Protein chains: 2
Amino acid sequence: MARSGPKLTRIARTLGVSAATVSNALSGKGRVSAELAEKIRVTAAELGYVPSLAGRALRTGRTAVLGLVLPDIANPLFPQIAQAIELAASSAGYGVLIADSRGDVATQTKAIERLIDRDVDGMVIVPRRGTRIADVGCPVAVIDTPSTPGNTVAADHWGGGRQIAEHLKALGHRRVLVIGNNPASNVQNDRIGGIRSTFGDGAFVEILWIESLEREEGKGCPLGLAAKVAEGFTAFACVSDLHALRALTELQRAGINVPEKASVTGFDDLIWSPVVTPALTTARMDMTRIAAIAVEALVKAIGERDPADAGIGAPVTAENAEVPMQLVVRQSSAAPPATQFQPAQTIANAGAAASARNTAPEGEHQP
Amino acid sequence: MARSGPKLTRIARTLGVSAATVSNALSGKGRVSAELAEKIRVTAAELGYVPSLAGRALRTGRTAVLGLVLPDIANPLFPQIAQAIELAASSAGYGVLIADSRGDVATQTKAIERLIDRDVDGMVIVPRRGTRIADVGCPVAVIDTPSTPGNTVAADHWGGGRQIAEHLKALGHRRVLVIGNNPASNVQNDRIGGIRSTFGDGAFVEILWIESLEREEGKGCPLGLAAKVAEGFTAFACVSDLHALRALTELQRAGINVPEKASVTGFDDLIWSPVVTPALTTARMDMTRIAAIAVEALVKAIGERDPADAGIGAPVTAENAEVPMQLVVRQSSAAPPATQFQPAQTIANAGAAASARNTAPEGEHQP
DNA sequence: TATCGATGATTAAACGATTAATCATGCGAT
DNA sequence: ATCGCATGATTAATCGTTTAATCATCGATA
């Protein structure tokens with residue numbers, strides 16, 4: 001839409017100078033005397049001049065637009081991510097174009113193509129389940145997990161798992177059921193890895209994959225957690241608040257009080273986590289920071305890139321690829337009920353009890 | 001990013017014709033012989049020609065980009081909405097630029113300005129709590145509620161409330177607590193209106209506003225639903241699945257089984273609704289349809305608009321401003337427990353029992 | 001046969017910004 | 001006095017597309 005606003009030449013005419021000078025003054029590129037430059041800036045401001053992105057794009061080959069690709073847009077994390085990326089991008093002068101792929105790989109490819117056709121300067125991709133990103137022909141920032149090759153920046157999911165585990169361990173849990181959705185997800189695997197490695201040999205950790213369960217029992221089937229409690233599990237560490245919610249309601253429904261009889265933890269601090277009863281203990285990503293790093297890396301790559309080439313679009317890299325997660329302790333986790341097997345056995349391997357003391361009380365930031 | 005792809009002139013040269021002819025052939029506007037046009041289309045296709053949006057935008061004043069403004073981006077409905085709008089827009093040849101306002105009105109204005117500065121051809125706005133949209137200078141589609149002035153298209157929230165109420169009424173509920181968040185929200189008021197009006201005088205309906213409760217008791221405070229059950233309420237109709245979730249977990253935690261001792265219903269069919277225990281009975285919007293109508297109206301307005309004028313941007317209007325909601329019955333609603341006051345009294349005003357038979361069993365589409 | 005009209009294609013001028021190349025000017029140094 | 005150079009500003013080309021105006025050609029009509 002052609003705005004009404006004044007054009008470059010209008011400012012030029014107003015001041016009796018050439019359009020080129022105005023452009024130079026505003027961009028600080030050419031040679032313009034300080035006073036004139038100032039005068040130009042002032043009149044540009046009071047005339048409410050806004051450059052035409054289209055004109056600039058045509059000339060420079062830069063659209064100042066980034067694409068945001070979220071293969072799994074139904075993901076409840078979407079709001080957080082979109083918000084963070086939009087903030088980072090807009091404060092760097094970029095717009096954000098969304099691309100949806102409805103979870104489907106073919107659709108995703110199409111969506112990415114549409115972004116390319118729209119001449120985005122770069123894209124931020126949050127891949128689903130470790131999908132490899134084909135070369136797209138423009139700078140790409142990948143937000144997945146630090147352990148994924150080609151990852152630009154991500155939360156330290158492993159560390160998040162560690163924090164959750166240390167918290168549960170410190171509370172005294174020794175039989176833990178980890179609930180994940182899909183073993184193909186790098187994010188989930190890292191979180192689980194962090195949990196398992198922290199518990200080590202002094203505890204019993206089992207994994208339940210929801211997707212394989214549902215393949216047999218149907219979508220939304222019960223997870224059978226009451227039985228697990230009967231087996232002696234005292235804590236359910238879920239790789240997402242969505243699963244934590246599912247676990248929590250199923251346990252409650254079965255008359256198993258959380259956290260008295262069993263603890264439940266999640267990941268991501270999704271919208272409902274603070275308001276359910278009991279509020280969920282979870283680990284939160286610093287999305288703002290992640291987005292800032294991703295966008296910064298992207299912008300840098302765009303700046304260094306020759307606008308003419310349609311060169312290879314290898315994922316860009318950033319300094320700090322690993323952003324710590326933050327443990328948020330709420331009411332869904334507590335000490336296990338007085339139980340069958342106690343210290344003696346476990347105290348052996350538990351220097352962890354001390355280190356676990358570091359575990360954040362409500363809202364501490366990790367270094 | 002300047003793509004590598006061929007330009008118009010390249011195709012022209014390849015065929016020994018002028019660029020204008022190619023443009024005409026591809027757009028079907030000028031006068032080009034059928035054969036030549038076909039030949040041009042073919043070579044354009046095999047050369048993989050993609051027009052430069054920047055060039056076109058500069059010349060036509062149309063960017064083929066729509067802005068999506070969601071004042072409350074944290075809204076868990078966001079994924080649904082964004083997905084639907086993106087789909088509708090992209091199949092109409094438009095890109096979608098997101099604008100975030102972090103719930104803040106000032107920020108929202110800035111975000112809208114940024115969209116304007118980027119020359120969006122139009123915008124879709126989902127206002128929060130009946131915020132009036134100031135004139136933004138480009139066509140605008142407003143998705144709020146049918147009862148809001150200036151609304152372009154929306155779900156029939158009132159009708160959704162009616163369906164929920166008919167469902168509960170048919171089950172035998174006569175004391176219902178409606179749980180809302182904020183009385184300033186048109187959407188919530190319509191939903192509540194539909195519920196109240198359907199129950200009529202034969203039942204007792206009370207409203208609980210979460211926000212005012214939290215203002216006194218603090219964020220995330222208990223809603224005191226156990227007490228309400230003690231007072232004889234048998235159903236809790238929430239205006240959002242988020243609140244339904246809160247109610248459900250609070251009731252469960254208090255040892256009140258859902259749906260045996262109390263029913264809980266929500267709105268919007270959010271991501272967790274099918275997987276919590278018991279799964280939530282809710283009313284779903286047909287976002288795909290709503291988005292399609294909004295975008296269609298927008299595109300029409302854009303087409304009729306003189307690209308030169310920066311005219312007033314009154315909200316566009318659509319034929320079918322009211323899209324029916326769909327009742328989704330799951331496990332969180334059932335007949336109230338055998339109770340103190342029974343038929344005799346209620347049977348008098350209940351032609352509703354019959355009409356309620358229409359209430360959809362699991363997943364029926366409304367006409 | 002001269003003319004009119006319809007048809008098919010070309011020319012050229014935009015759109016609004018950027019930028020390399022050019023020009024003018026004044027000053028210091030030779 | 002002149003050359004050279006640094007400085008400050010202008011000229012003009014360019015990005016890729018659209019579109020109004022123009023031109024050429026041919027058939028038909030008067």
Side-chain angles (χ1 to χ4, degrees), chain A residues 1-40 44 47-64 93 117-119 121 303 306-310, chain B residues 1-40 44 47-64 93 117-119 121 303 306-310:
Chain A
M1 190 105 298
R3 261 163 344 223
S4 43
K7 346 195 157 299
L8 207 42
T9 56
R10 176 121 154 50
I11 299 180
R13 243 185 309 113
T14 307
L15 288 166
V17 297
S18 79
T21 302
V22 177
S23 174
N24 282 331
L26 260 28
S27 68
K29 286 201 173 163
R31 289 186 301 216
V32 186
S33 69
E35 331 135 68
L36 180 52
E38 181 55 20
K39 213 159 44 168
I40 289 178
L47 258 51
Y49 168 71
V50 177
S52 153
L53 276 293
R56 176 180 293 169
L58 184 55
R59 174 65 222 235
T60 64
R62 299 265 154 83
T63 54
D117 288 353
R118 281 187 175 279
D119 294 341
D121 288 341
D306 176 3
D309 83 38
Chain B
M1 187 106 302
R3 260 165 345 222
S4 45
K7 347 195 157 302
L8 252 192
T9 56
R10 174 120 155 51
I11 299 179
R13 243 186 308 113
T14 306
L15 289 167
V17 297
S18 80
T21 302
V22 176
S23 174
N24 283 331
L26 259 28
S27 68
K29 286 200 170 163
R31 288 184 303 216
V32 187
S33 66
E35 330 134 70
L36 180 52
E38 181 55 20
K39 212 159 43 168
I40 289 177
L47 257 51
Y49 169 70
V50 177
S52 151
L53 276 294
R56 177 179 293 170
L58 184 54
R59 173 65 223 234
T60 64
R62 299 264 154 82
T63 54
D117 288 353
R118 282 188 174 279
D119 295 340
D121 288 342
D306 176 3
D309 82 38

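Quantities reported herein were computed from a predicted structural model and do not represent experimental measurements. Chain identifiers are assigned alphabetically (A, B, ...) following the order of the sequence lines, protein sequences preceding nucleic acid strands; residue numbering begins at 1 within each chain. All heavy atoms count here, side chains included; hydrogens, waters and symmetry mates do not.
Between the NZ atom of B/Lys7 and the P atom of D/dG16 there is a distance of 4 Å, rounded to whole Å. We find that CG of A/Leu53 is positioned 13 Å from P of C/dG16, with the value rounded to whole Å. Note: CZ (A/Arg59) to P (C/dA20) measures 8 Å, nearest angstrom. Between B/Leu26 atom CG and D/dG16 atom C1' there is a gap of 13 Å when expressed in whole angstrom units. For the pair B/Ile11 CD1 and D/dT17 C1', the interatomic distance rounds to 12 Å; values are reported in whole Å. The nearest whole Å value for the distance from the CD atom in A/Glu35 to the P atom in D/dG8 is 9 Å. A straight line from CZ of A/Arg62 to C1' of C/dG16 spans 18 Å, rounded to a whole angstrom. Put simply, CG on B/Leu58 is 16 Å from P on D/dT14, counting in whole angstrom units.
The shortest distance between side-chain heavy atoms of A/Ser23 and A/Leu8 falls below 4.5 Å. Contact of the A/Val22 side chain with the A/Tyr49 side chain is not registered, since no non-hydrogen atoms from C-beta on lie closer than 4.5 Å.
Heavy-atom minimum distance, A/Ala12 versus A/Ala19: CB-N, 3.6 Å. When all heavy atoms are compared, the tightest approach of A/Val32 to A/Ala37 is CG1-N, 3.9 Å. Shown here for B/Gly48 and B/Pro6, the closest heavy-atom pair between the two residues is O-CD, 3.9 Å.
Between B/Tyr49 and D/dT17, a side-chain N or O to OP1/OP2 separation shorter than 4.0 Å is present. Checking the phosphate oxygens (OP1, OP2) of C/dA17, no side-chain nitrogen or oxygen of A/Ser23 falls inside 4.0 Å. For C/dT18, neither phosphate oxygen OP1 nor OP2 lies less than 4.0 angstrom from any side-chain nitrogen or oxygen of A/Lys29.
For the pair B/Thr21 (side chain) and B/Val17 (backbone), a donor-acceptor distance under 3.5 Å is absent. Listed for the B/Asp121 side chain is a donor-acceptor partner under 3.5 Å among the backbone atoms of B/Ala64.
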Problem set entry | Base versus backbone protein contacts along nucleotides 6-12 of chain C [heavy-atom cut-off under 4.0 Å; B, S, -] | -BBBBB-
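Sequence neighbours left out, the pairs with a member in residues 26-38 of chain A that pass salt bridge (charged side-chain N to carboxylate O under 4.0 Å, His left out) are A/Glu38-A/Arg41.
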For this session: Could you go through the side-chain contact (heavy atoms from CB on, under 4.5 Å) check for B/Arg118 and B/Thr63 one step at a time?
Result: CA-CA 9 Å; B/Arg118 282 188 174 279; B/Thr63 54; over 6 Å; no
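The end-to-end axis angle of the helix from C/dT1-D/dA30 to C/dT30-D/dA1, rounded to 10 degrees and based on five pairs per end, is 70°.
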